[in-house]
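Input: a single structure, listed below in structure tokens.
Keep in mind the model is a prediction, meaning the values are calculated, not measured.
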Amino acid sequence: MPKPDELIVDIAALVEAEQSNQMPLTVVTGGAVITGRLAPESMWRQRVSEVLTNSAHLGEFSAVFETSAKRDGPPTHLHFHVARILQGTVGIPETGGMYRVAIEDVSAWTIGDFSYSDH
């Protein structure tokens with residue numbers, strides 16, 4: 001198992017500690033480019049739970065995201081919100097989504113949130 005990049009682990013730890021959801025990040029994982037802002041896991045879980053609760057068909061799954069086990073040690077995942085998978089000249093979904101990415105699966109990354117423009 002490859003050792004995760006210490007810099008990205010430190011960034012994730014700061015996001016968790018400061019409870020900020022403003023850190024823009026772009027990662028490459030499994031060949032996909034994901035761009036957006038990082039959120040603390042607790043905020044991310046809360047938002048996913050809210051979205052599921054408001055769904056007529058998926059409401060029963062919201063409880064899974066309502067509790068968060070406190071883990072010892074450094075973060076193991078990045079929690080993106082307002083995020084898009086970049087594909088060609090578009091970001092999917094256009095409005096941004098919620099993605100959870102294992103830090104150990106990140107093969108490249110950069111600070112910043114990329115978007116495409118028709119200009």
Side-chain angles (χ1 to χ4, degrees):
M1 178 181 298
K3 184 176 181 194
D5 183 324
E6 290 178 20
L7 286 173
I8 201 165
V9 171
D10 289 346
I11 290 169
L14 279 172
V15 169
E16 290 293 330
E18 297 294 326
Q19 296 295 299
S20 170
N21 64 355
Q22 299 300 310
M23 181 63 188
L25 193 71
T26 299
V27 299
V28 177
T29 179
V33 177
I34 300 174
T35 189
R37 289 186 297 184
L38 294 180
E41 182 176 359
S42 60
M43 284 182 179
W44 184 87
R45 283 177 171 266
Q46 179 182 2
R47 181 65 184 129
V48 171
S49 177
E50 290 169 2
V51 169
L52 292 173
T53 297
N54 293 330
S55 168
H57 302 326
L58 301 174
E60 65 190 70
F61 292 98
S62 68
V64 173
F65 295 92
E66 290 174 357
T67 58
S68 178
K70 190 69 175 164
R71 294 181 182 89
D72 292 330
T76 57
H77 290 79
L78 301 171
H79 295 88
F80 285 91
H81 72 112
V82 194
R84 295 167 316 285
I85 297 173
L86 300 182
Q87 179 66 41
T89 60
V90 298
I92 306 166
E94 286 185 21
T95 57
M98 309 290 285
Y99 296 100
R100 177 177 160 112
V101 176
I103 292 174
E104 69 182 23
D105 292 338
V106 173
S107 58
W109 61 274
T110 189
I111 299 297
D113 180 2
F114 293 95
S115 61
Y116 286 103
S117 172
D118 292 334
H119 298 62

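The one candidate from Val82, Leu25, Thr35 that meets the side chain to side chain contact (heavy atoms under 4.5 Å, CB included) condition with Asp113 is Thr35.
Within the 4.5 Å cutoff, the side chain of Ile111 has heavy atoms near those of the Met23 side chain.
Apart from Val64 itself, the hydrophobic cluster it occupies contains Trp44, Val48, Leu52, Leu58, Phe61, Phe65, Met98, where clustering links Ile, Leu, Val, Met, Phe, Trp and Tyr at side-chain heavy-atom distances under 4.5 Å. Its side chain outside the 4.5 Å cluster rule for every partner, Met43 clusters with none of the Ile, Leu, Val, Met, Phe, Trp and Tyr residues.
For Glu66, there are no salt bridge (Lys or Arg N to Asp or Glu O under 4.0 Å) partners, not counting sequence neighbours. With sequence neighbours left out, the side chain to side chain contact (heavy atoms under 4.5 Å, CB included) criterion links Ala102 to His77, Glu104, Asp105. When the side chain to side chain contact (heavy atoms under 4.5 Å, CB included) test is applied to Glu60, no partner is found at least two apart in sequence or on another chain. Residues meeting the side chain to side chain contact (heavy atoms under 4.5 Å, CB included) test with Ser107, sequence neighbours left out: Val28. Under the side chain to side chain contact (heavy atoms under 4.5 Å, CB included) criterion, Ile85 pairs with Ala32, Ile34, Tyr99, not counting sequence neighbours. The side chain to side chain donor-acceptor pair (under 3.5 Å) test applied to Thr29 returns no partner, not counting sequence neighbours. Residues passing the side chain to side chain donor-acceptor pair (under 3.5 Å) test with Ser55, sequence neighbours excluded: none.
Residues in residues 5-34 take part in these salt bridge (Lys or Arg N to Asp or Glu O under 4.0 Å) pairs, two or more places apart or across chains: Lys3-Glu6.
Using a distance-only test at 3.5 Å, with no hydrogens or angles considered, a donor-acceptor pair links the side chain of Thr53 to the main chain of Ser49.
One finds the OG1 atom of Thr76 at 6.0 Å from the CZ atom of Arg100 (value rounded to the nearest 0.5 Å). Put simply, CD1 on Ile8 and CG on Leu78 are 4.5 Å apart, with the number rounded to the nearest 0.5 Å.
Under a cut-off of 6.0 angstrom, the local environment of CZ in Arg37 is crowded, with over 12 non-hydrogen atoms contributed by other residues, nucleotides or ligands.
Leu14 is not connected to Leu7 by any chain of hydrophobic side-chain contacts under 4.5 Å among Ile, Leu, Val, Met, Phe, Trp and Tyr, and they are in different clusters.
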Set out, in order, the CA-CA distance, both residues' side-chain angles and the distance that settles side chain to side chain contact (heavy atoms under 4.5 Å, CB included) for Phe80 and Leu38, then state yes or no. CA-CA 5 Å; Phe80 285 91; Leu38 294 180; 3.8 Å; yes

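Counting all heavy atoms, side chain and backbone alike, Val9 lies closest to Pro4 at CG2-CB, 3.9 Å. When all heavy atoms are compared, the tightest approach of Val15 to Ala39 is CG1-C, 3.6 Å.
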